[in-house]
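Notes follow the structure.
We count residues from 1, following the sequence as given. Every number for a ligand or one of its atoms is a count from 1 in the order of the listing.
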Amino acid sequence: MPVPAVRPLIAGNWKMNGLKDSVAELDAMLKGAAELPQGIDLLVCPPATLVASFAARVAEAQAGKALPFSIGGQDCHANASGAHTGDIAAEMLADAGAAAIIVGHSERRADHAENDAIVRAKAQAVWRAGLVAIVCVGETQGERDAGHTLDVVAGMLAGSLPDGATAANLVVAYEPVWAIGTGRTPTAADVEEVHGFIRKTLSDRFGAAGETMRILYGGSVKPSNARELLAVPHVNGALIGGASLKASDFLAIAAGCP
Ligand SMILES: O=C(CO)COP(=O)(O)O
């Protein structure tokens, strides 16, 4: 299948890290982003407490400039409002200035027992709020060792992606669970196999839209391996955890986009 040109997205998932003074890191990212080559979208997903202030800061930095930088959330509830103590609605994140929300991260699936049906409902909630859903899929070490990687990914895509996905409202992130926070990554050939498989699955299900939906790789992406991973066919960017907390690393990864 031909590999279409897709605008890369470099996304940072700050997880449960960041306080008010982390705005200094955001400012450094905004400054560095202005110097990156054109054509790369940047996204930072801080904890929910920082979404509104970060989004306001980004808007300030964008005044009069074309700076493709946005702020996102890390999770949302499927409902728009109601008696769900401690949860946050996609509409609330949209109201705070988020442009996208990550759903189905393996830490949510493991720590909060989120299954594919829940992830699918959350992705629909993200769309209801008018935002981009970044849906995460990926196998565990045991599943890879057993040779089940593609079956597991196929099952997660079938169960977690709602109908109606477009290249504008959906990003898929392939994050092998065993590569998250471990410093270990699949080989470029392994990444190519899974991303090629995800591309085919998306285009079989969503038609032409599936050919240009962004597929991000996530799991121990660092400045030292970014260039190689980002050059793999059907890798349209990265979802970065630890290395996205430091502006210099985040920007160096983005600079590795082909
Ligand atoms: O889980 C991740 C991003 O969502 C990846 O985390 P690390 O980059 O820290 O491995």
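- Each of the following atoms of ligand 1 lies closer than 4.0 Å to a heavy atom of Glu175: 1 (O), 2 (C), 3 (C), 4 (O), 5 (C).
- With hydrogens left out, the protein atom closest to atom 6 (O) of ligand 1 is Lys15 NZ, 3.2 Å, a heavy atom.
- Look at Glu107 and Lys15 and you find a salt bridge, because one of the NZ, NE, NH1 or NH2 atoms lies within 4.0 Å of a carboxylate O, short of that distance.
- Between the side chains of Gln141 and Arg184, at least one donor-acceptor pair of N or O atoms lies under 3.5 Å.
- The shortest distance between side-chain heavy atoms of Ile101 and Ile134 does not fall below 4.5 Å.
- Using cut-offs of 30° and 60° on the angle between ring planes, the pair Phe54 and Trp14 is perpendicular.
- Under the 3.5 Å distance criterion, with hydrogens and angles disregarded, a donor-acceptor pair is assigned to the side chains of Ser160 and Arg109.
- A salt bridge is absent between Asp27 and Lys31: the closest approach of a Lys/Arg side-chain nitrogen to an acidic carboxylate oxygen does not fall below 4.0 angstrom.
- Residue Gly219 has at least one heavy-atom neighbour below 4.0 Å for each of these atoms of ligand 1: 5 (C), 10 (O).
- Heavy atoms of Asn13 found under 4.0 angstrom from ligand 1 belong exclusively to the side chain.
- Taking atom 5 (C) of ligand 1 as the reference point, the nearest protein heavy-atom neighbour is Gly241 N, 3.7 Å.
- The shortest separation from a heavy atom of Ala243 to ligand 1 is not under 4.0 Å, leaving the residue out of contact.
- Residues Ala247 and Glu25 come closest through the heavy atom pair N-OE2, 2.9 Å.
- Numbered from 1 in the order shown, with element, the atoms of ligand 1 that lie under 4.0 Å from a heavy atom of Ser220 read 7 (P), 8 (O), 10 (O).
- Listed by number with element, the atoms of ligand 1 under 4.0 angstrom from any heavy atom of Leu239 are 3 (C), 4 (O).
- Among all non-hydrogen protein atoms, the one lying nearest atom 9 (O) of ligand 1 is Gly242 N, 2.8 Å.
- Heavy-atom proximity to His105, at under 4.0 Å, picks out these atoms of ligand 1: 1 (O), 2 (C), 3 (C), 4 (O).
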